[in-house]
There are 2 protein chains.
Amino acid sequence: MSRDSSETKSRILNATWKLLESGDNAVRMSDIAKAVGISRQALYLHYPNRADLLVATTKHIDTAKNIDARLERSRSARTGGERLDAFIEAWGGYIPEIHGISVALRAMRHTDREAAEAWDGRMQAVRHGCAAAVRAIAGEGRLPPGLTPERATDLLWMLLSVENWERLVRDCGWSQADYEKEIKALARAELVVTP
Amino acid sequence: MSRDSSETKSRILNATWKLLESGDNAVRMSDIAKAVGISRQALYLHYPNRADLLVATTKHIDTAKNIDARLERSRSARTGGERLDAFIEAWGGYIPEIHGISVALRAMRHTDREAAEAWDGRMQAVRHGCAAAVRAIAGEGRLPPGLTPERATDLLWMLLSVENWERLVRDCGWSQADYEKEIKALARAELVVTP
DNA sequence: TTGTAACTTGACACAGTGTAAAGTTGACAT
DNA sequence: ATGTCAACTTTACACTGTGTCAAGTTACAA
């Protein structure tokens with residue numbers, strides 16, 4: 001046979017991605033194998049367990065969707081307020097892209113340490129983005145009195161959670177544009193004062 | 001033997017409650033049976049499945065903690081702003097009491113329809129509370145222009161999610177008092193204008 | 001031609017939920 | 001005192017999904 005191992009790997013990742021994206025909240029190893037056209041056992045030859053496969057899929061999506069470039073834009077914003085807006089656009093706009101896999105990863109959180117760490121790591125990266133936006137606002141002295149940068153970061157991080165996106169966009173039926181608009185308004189109302 | 005069936009039932013509910021509260025995120029039917037001092041199978045004599053047992057436990061906690069009386073206070077507030085504060089105190093203060101069971105119920109959401117409906121029903125009840133607070137604010141003409149009552153309700157509902165409480169209190173280490181204070185500030189900043 | 005990497009088939013261990021069946025025990029009625 | 005009944009017990013098993021193991025098969029390459 002001697003098919004290319006790395007080519008099979010990427011076919012696995014794409015199939016996993018597609019299945020998760022389809023919203024079927026019960027993507028089993030056998031479903032993925034069937035979609036790729038290999039046996040369930042062959043899957044384990046490439047990825048030792050489900051958590052590893054999901055984590056690899058996350059990285060795959062990050063590369064394909066070029067998350068780094070998206071976040072880059074927010075780093076070059078002039079004012080703190082603009083930086084806040086740009087970060088909300090970048091991350092908030094990325095949430096729908098990774099929603100399928102985020103559901104799967106969070107569902108494993110409680111039983112699988114590896115999955116939990118992968119998800120937490122991702123969330124910490126978002127938190128760093130929040131902290132940077134808050135620093136930019138604080139640097140201009142526009143953080144409300146009585147709100148420490150630390151606490152402002154926590155609040156922004158909370159606002160930008162995937163769960164909040166789910167609630168507004170999926171449960172309440174908001175459009176992505178409305179979501180971004182209102183979250184920006186909420187963040188500005190609480191974190192930025194006009195002196 | 002002829003032990004009282006309803007007494008055993010309440011011992012089961014209390015044991016389930018206690019186990020879930022202990023933060024052990026892996027409460028199996030056998031764990032509960034062991035805690036009560038009966039066989040696993042006897043559990044199924046009283047509750048046909050895990051979802052039913054969890055739902056019954058939720059109702060049990062509601063009764064024990066008298067959630068209705070707590071919410072009553074917010075309904076008697078004079079102004080819209082006061083009503084908003086009172087509701088945030090009532091529900092926000094209740095979240096820690098039901099946190100254990102909420103984790104268990106949400107973990108079953110994706111695989112068990114009954115559990116999903118039980119949790120969603122609860123969240124809809126919270127939403128009604130949010131809608132009532134928003135109506136009170138709107139009735140005073142203090143809702144910001146460009147924000148419909150519907151959308152304001154969605155935003156408040158999002159703010160008051162259990163997931164947001166988890167993020168701030170558990171992940172970020174906030175005290176319950178700080179949580180309530182900042183959520184109130186956030187809600188007022190976005191939903192109430194001083195004319 | 002022999003080795004090797006990528007696969008296949010088939011079997012099995014394990015955890016946890018839920019079902020089924022047969023037996024035990026204690027209270028209570030007649 | 002005896003029989004009935006509900007609350008339990010023990011034992012066993014079906015089912016799902018993950019992950020492991022072992023023995024083949026296939027095709028390319030040195």
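Within every chain, numbering begins at 1; the chains are lettered A, B, ... in the order of the sequence lines, protein sequences first and strands thereafter. Not measured: the values here are computed from a predicted model.
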Strictly distance-based, threshold 3.5 Å: is any side-chain N or O of A:D62 a donor or acceptor partner for the main-chain N or O of A:K59? no
Whole-Å distance, B:R50 CZ to D:dT16 C1', equals 16 Å
B:Y47 atom OH is separated from C:dT19 atom C1', nearest whole Å, by 20 Å
(Q) Does D:dC8 have its OP1 or OP2 closer than 4.0 Å to a side-chain nitrogen or oxygen of B:T8? (A) yes
Atom NE2 of A:H46 and atom P of C:dA5 are separated, to the nearest Å, by 13 Å
From CE of A:M29 across to P of D:dT16 the rounded distance in Å is 19 Å
Among C:dT19, D:dG17, D:dC8, the one nearest any side-chain atom of B:A42 is D:dC8
B:R28 atom CZ is separated from C:dG18 atom C1', nearest whole Å, by 16 Å
| Do side-chain atoms of B:R73 reach the backbone of B:A90 as a donor and acceptor pair under 3.5 angstrom? | no
B:L45 atom CG is separated from C:dA21 atom P, nearest whole Å, by 14 Å
- Message: In terms of relative ring orientation, are A:H60 and A:W17 parallel, tilted or perpendicular, with 30° and 60° separating the classes?
- Response: perpendicular
Separation of C:dG16 atom P from B:L53 atom CG, nearest Å, is 16 Å
Point to revise | N/O (side chain, B:S5) to phosphate O (OP1/OP2, D:dA6) under 4.0 Å | key: no
Is a side-chain donor-acceptor pair under 3.5 Å present for B:D52 with B:Y44? no
When rounded to whole Å, the CD to P distance for the pair B:Q41 and D:dA12 reads 12 Å
Result for 5'-nearest mapping on DNA chain C, choosing between A:L43 and A:R40, is A:L43
